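The structure appears right after this line, and notes come after that.
Reckoned from all heavy atoms, side chains included, excluding hydrogens, waters and symmetry mates. A quick note: this is a predicted structure, and the numbers were derived from the prediction, not measured.
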Amino acid sequence: MRHILRHWSSVLQRRPFFVLPLSPHRSLCRHASTTKPLRPIMSGPSEPMAVVAPSFSSDPASLAAHAPQVLSNGVNGRQEDSSSDEEMPLSQHTPKKINGANGKRIANPSSSNSSEDDRPLTKKPRVSTGLARKRIVESDSEQESSAGPSSPPAPPVKSATKPPSRSNGAIKPKSKARSPSDSELSSEDERPLAKKGSKAPKRSASPVKKPAAKPRKSYKESSGSEDEKPLAKTVATKGRKSNGSASARVKKEEESEDDAPLAKGKKRASAGADSSTARKDVKKKVKEESGKVKKEVKEEDDEEMYKWWEQGENDGSVKWTTLVHNGVLFPPPYVPLPKDVKMKYDGQSITLPPESEEVAGFFGAMLETDHVLDPVFKKNFFNDFKDMLKEFPPKENIRITSLEKCDFRPMYEHFEREREKKKAMTREEKKAIKEAKDKLEEPYLYALVDGRKEKLGNFRAEPPALFRGRGEHPKKGTLKKRLRPEDIILNIGKDVPIPKPNIPGNWKGVQHDNTVTWLAHWKENVNNQAKYVFLAASSSWKGQSDRSKFEKARELIKHVDKIRKDYTEDLKSKVMADRQRATALYFIDRLALRAGNEKGDDEAETYGCCSLLFEHVTLSPPNTIIFDFLGKDSMRFHQEVDVDIQVFKNIKIFKAEPKKKGDDIFDRLTTSGLNAYLNTQMKGLTAKVFRTYNASWTFQQQLKTTPKNGTVQEKIAAYNTANREVAILCNHQKTVSKNFEQSFAKMGDKVRALKYQRMKLRYQLFTLEPKMKKKRADLAESESDMDDEFMERHEEELREKAVEAAKKKFEKENTKLVAEKEKAQPKSVLDERLKEIKAEFKELAKERKTKKVEPKKGATVEKLEEQIQKMEARIAAARVQMEDRDKTKDVALGTSKINYIDPRLTVAWARKYDVPLEKLFSKTLREKFPWAEAEADADWVF
DNA sequence: AGCGTTACTTAGTATTATTACC
DNA sequence: GGTAATAATACTAAGTAACGCT
């Protein structure tokens, strides 16, 4: 539930603000600086508008026909190749950052006032960068030294600081606002609807317009259709029969398999007949092979990979027939601190039993983090600590009642020392430790699924810790307790040995449900949420579901035009529920918003589309909407977008009296209602599919700008640019690294050093041939950022380096001479050299003033011009790199690469442009997407 | 219908490994 | 060869959406 009162505004301040233009036509984009044309989907490297359509066929022509993002108007900016975009200078697209830093995750709402910035945040403030959509950052201090062609600062968004709350003293019930029923609307549009859920008068009375009449299935109903669950159950595992052949197995596993009557495994499979046959086959094969396999066991690896993607469709709810694994690995028991390490209370050292000492240590280890400054964190921690102390009090018979009197510093210092010690260990020691650890983990690394060896993801029981919720989580700081076997339920093959926990105790339960993919499961005590042990991302289970996710997104291509047409019409529906649904869908499609399920009271207050509140959306006539809210992980979504005028009008209605701050915008909409509707448009369609679809589609369009004849590096840069556009679309952010500023400045100096060299070359050229000043007027201008101060400093640095080098060289020479039994050079030789250096730099200083540089020996006009040209190229390259670095500093590319971009796009692109795949996918990603490599050739299209 | 539960995907950050740099 | 910068991986929180009970 959400509270009516929340301090939203205050909370919002720190995220970067993107301006995202929604309008389809470029021409609409009048405020280039602040608002852009709508195109979440595609902004080109040159941003905007290249709205291109998704296509279901590989035919390029048809590609053009489906515009993902396109709006209602028929003509939208879709273009097959965004020629127009390309014409745009990059700089224009570069986001302008309005201002400097903002923290990424909103820290503390309560503190939210203007001075927020001063507070220590958990994270460093991030500097916004602009991307395709420009992000406007709340203004704070710094003026970003952004490299790129600087864009003019965008005008501050008015709502940026604080979302306007327009409610005036309307009489509101304390709970959610309700809106008048449709029938009360004077004109259909003018009033807000009633609250979703019960209280509002249902729209029954209202005249139903055509779309409304559409029977919408509830999701339950729809589930009856083949797709949903039933289907899965009916179908048996087709593709599975061949698996048994899989390969070498580990001996232990084999034995267990042999012992286990596999045939029994089946119980609940409603799949009955089929699956049991399949199962028998498996068993048979296993038996047949077991003999020879055993012999091969030693070499263990190299089993050939199970190519599930070559096995035909796999549907179903039966996920396995045999499943063998070793359960979870518990962390080692707590080791008490040395006797001399004690926390203090009120100045006095106290001795804690291990149980409470461990908890104290969790907090002690965080002493240098911002958590210890957080009131909620402290309160939750201290409550749990006190509870622990009740049972395990200090030996001194002291009652601990105040956190402020606790001094954990001695513990902290101990941990620091331990860390140092560890760091100081020799390579061998470290290796030995690692080996011991690997050995311990070895049995847990793999499971045997239908006879195949499959890697596990997380096989470790989560160690105890203080819960670190993200954003303003009410439970942060709470003790997450140590797990025991009694907390854990295993899911494992029916007639297979039950593993023994690596610490004393017995499993809470053991089940044999072959319709699910988890191997172990427990309830975590902080939020009472389930945690699971699953197979790794590289496993066939994950691979199959990943692939079907992308296939579903590709299927959407076929339906999206119709869906867009429908929701565009429904934007004007007389039925408010439909109108809200259409409006929400518009946002989900164009802005890649998440669905926005309802959340509980004891969670951080974050939002998605369906749960947006009054204060999250601000209207700015004529058709601009400003979003400002915290999404998943409390990441701020702050964008300004030009929208279809009807959308603008709708939001105005949805926000009209009597709604006020704290009320839902879409009071008649729920995620399940929305998804039920989507399911009628396309089987299996849900809100999240739009994110996948738009991300992959955008990526595909963006890749079209790859330079065919560029270097590999240039091509990769184009790839990364495309990746970045997708990340921006999805609002994937990361904290700006704490050294960013420093390393960025360093890069800037490098560029200037290059410019300095170029300057010297220019002066030589002009000194050699004064006429060139006219002829090459382009070279006559001086470097804009090459001031005396820099040059002086730079020359000084060069000089110091030269001196160092000379000294080293001298020593080296002498060492060598001595080694060869010859006489070392006298120090005077060195002095002489140093003198020369000194003279040289003196000359440089003089040149700096006179701007005349004596040409080097053998210099000619041609040679100098060539050198200058080379230097320019180096400068340009360095600048591009800098710009890129700046633009990417707070954008996380990995998330979209892992979850949203169809890997076949990458594979196809790599093949088409002849770029080694390993430059694009890390080892784990390649292991995750073997199916993509198998099926995508250079011409593959999404 | 409403709401808690279950299963699984998506997400940012902390930690560790690798590479770049001196 | 040691250290700093960067990339990869590990970790676990936080979403989505279906399920299932009343």
Side-chain angles (χ1 to χ4, degrees), chain A residues 1 104-105 122-124 196-198 202 218-220 222-223 227-229 232 317 319 369 423 427 430 434 457-460 462-463 465 467-471 473 475-476 480 491 513 515-518 521 523-524 526-532 534-537 541-542 545-546 549 594-600 603-604 606-611 630-635 670-676 678-679 684-689 691-692 695 727 730-735 737-740 742-743 746 801 804-805 808 885 890 892-896 898-900 921-925 927:
Chain A
M1 309 283 134
K104 86 187 302 168
R105 191 164 275 132
T122 307
K123 288 285 124 162
K124 265 294 85 126
K196 65 181 92 166
S198 50
K202 283 292 168 159
S218 73
Y219 71 86
K220 273 202 178 162
S222 62
S223 69
D227 273 358
E228 308 284 354
K229 58 180 168 196
S317 53
K319 305 291 194 339
T369 70
K423 224 163 59 179
R427 192 169 290 244
K430 284 181 186 166
K434 175 116 200 307
N458 56 326
F459 49 81
R460 233 181 289 269
E462 291 177 13
F467 174 72
R468 286 148 116 117
R470 299 172 185 173
H473 195 117
K475 299 257 182 96
K476 61 183 166 183
K480 184 170 74 173
N491 190 43
D513 184 352
T515 65
V516 296
T517 65
W518 54 267
H521 145 256
K523 275 264 180 79
E524 154 271 326
V526 177
N527 296 296
N528 204 31
Q529 276 171 352
K531 299 275 194 169
Y532 297 86
F534 290 115
L535 292 186
W541 285 342
K542 297 284 192 184
S545 82
D546 222 28
K549 169 184 73 186
R594 294 187 183 83
N597 285 324
E598 288 293 317
K599 297 190 67 186
E603 299 176 82
T606 62
Y607 302 85
C609 187
C610 295
S611 56
L630 300 187
K632 182 177 179 180
D633 290 311
S634 293
M635 303 307 285
T670 62
T671 52
S672 56
L674 175 63
N675 285 335
L678 290 173
N679 194 255
L685 184 61
T686 61
K688 81 193 269 277
V689 179
R691 262 169 88 82
T692 310
C730 296
N731 202 38
H732 292 146
Q733 311 188 40
K734 69 177 184 197
T735 309
S737 94
K738 63 180 193 293
N739 327 322
F740 176 80
Q742 194 189 342
S743 94
K746 224 173 178 177
K801 269 186 203 158
E804 276 312 298
K808 261 198 187 140
R885 185 83 81 88
D890 59 350
L893 303 191
T895 307
S896 51
I898 294 166
N899 301 301
Y900 289 104
F921 281 167
S922 66
K923 180 168 140 287
T924 39
L925 276 190
E927 286 166 359

- request: Could you tell me the separation between the CG atom of A:Asn597 and the C1' atom of C:dA17, rounded to a whole number of Å?
  value: 7 Å
- prompt: Does a nitrogen or oxygen in the side chain of A:Tyr900 sit under 4.0 Å from OP1 or OP2 of B:dA11?
  reply: yes
task: If the plane angle is over 60° it's perpendicular, under 30° parallel, otherwise tilted; pick one for A:Trp518 and A:His521.
output: tilted
- prompt: Looking at A:Thr735, does any N or O in its side chain come under 4.0 Å of the phosphate oxygens OP1/OP2 on B:dT13?
  reply: yes
task: With sequence neighbours excluded, tell me which residues meet salt bridge (Lys or Arg N to Asp or Glu O under 4.0 Å) with A:Lys542.
output: none
query: Would you say C:dT9 has OP1 or OP2 under 4.0 Å from some side-chain N or O of A:Ser922?
result: yes
- request: Measure from NZ on A:Lys434 to P on C:dA10 and round the result to the nearest Å.
  value: 10 Å
- prompt: Under 4.0 angstrom, heavy atoms only, what part of the nucleic acid is A:His473 near: base, sugar-phosphate, or nothing?
  reply: sugar-phosphate
query: Just how far, in rounded Å, is P of C:dA14 from CG of A:Asn528?
result: 15 Å
query: So, is A:Lys475 near the phosphate of C:dA13, with a side-chain N or O under 4.0 Å from OP1 or OP2?
result: no
message: Could you check whether any side-chain heavy atom of A:Glu462 comes within less than 4.5 Å of a side-chain heavy atom of A:Glu524, counting everything from C-beta outward?
response: no
query: Step by step, would you call A:Asn675 with A:Leu678 a side-chain contact (heavy atoms from CB on, under 4.5 Å)?
result: CA-CA 5 Å; A:Asn675 285 335; A:Leu678 290 173; 3.8 Å; yes
message: Can you tell me if A:Lys923 touches the phosphate of C:dA8, counting only side-chain N or O atoms and a distance under 4.0 Å to OP1 or OP2?
response: no
- prompt: Do the side-chain N or O atoms of A:Arg468 get closer than 4.0 angstrom to the phosphate oxygens (OP1, OP2) of C:dA14?
  reply: no
- prompt: For B:dA7, does either OP1 or OP2 sit under 4.0 Å from a side-chain N or O belonging to A:Thr517?
  reply: no
- prompt: Has the side chain of A:Lys632 got a donor or acceptor that lies under 3.5 Å from a partner of the other kind on the base of B:dT10?
  reply: yes
message: Please tell me if A:Asn899 has a side-chain N or O lying less than 4.0 Å from either OP1 or OP2 of B:dT9.
response: no
For nucleotides 4-6 of chain C, which of its nitrogen or oxygen atoms have a protein nitrogen or oxygen under 3.5 Å away, and what is each distance?
| residue | atom | partner | partner atom | Å |
| --- | --- | --- | --- | --- |
| C:dT6 | OP1 | A:Arg885 | NH1 | 3.3 |
| C:dT6 | OP1 | A:Arg885 | NH2 | 3.1 |

message: Rounding to an integer number of Å, can you tell me how far A:Arg594 CZ sits from B:dT10 C1'?
response: 8 Å
N/O (side chain, A:Thr686) to phosphate O (OP1/OP2, C:dA17) under 4.0 Å: yes
field: A:Ser672 side chain near C:dA18 phosphate (N/O to OP1/OP2, under 4.0 Å)
entry: no
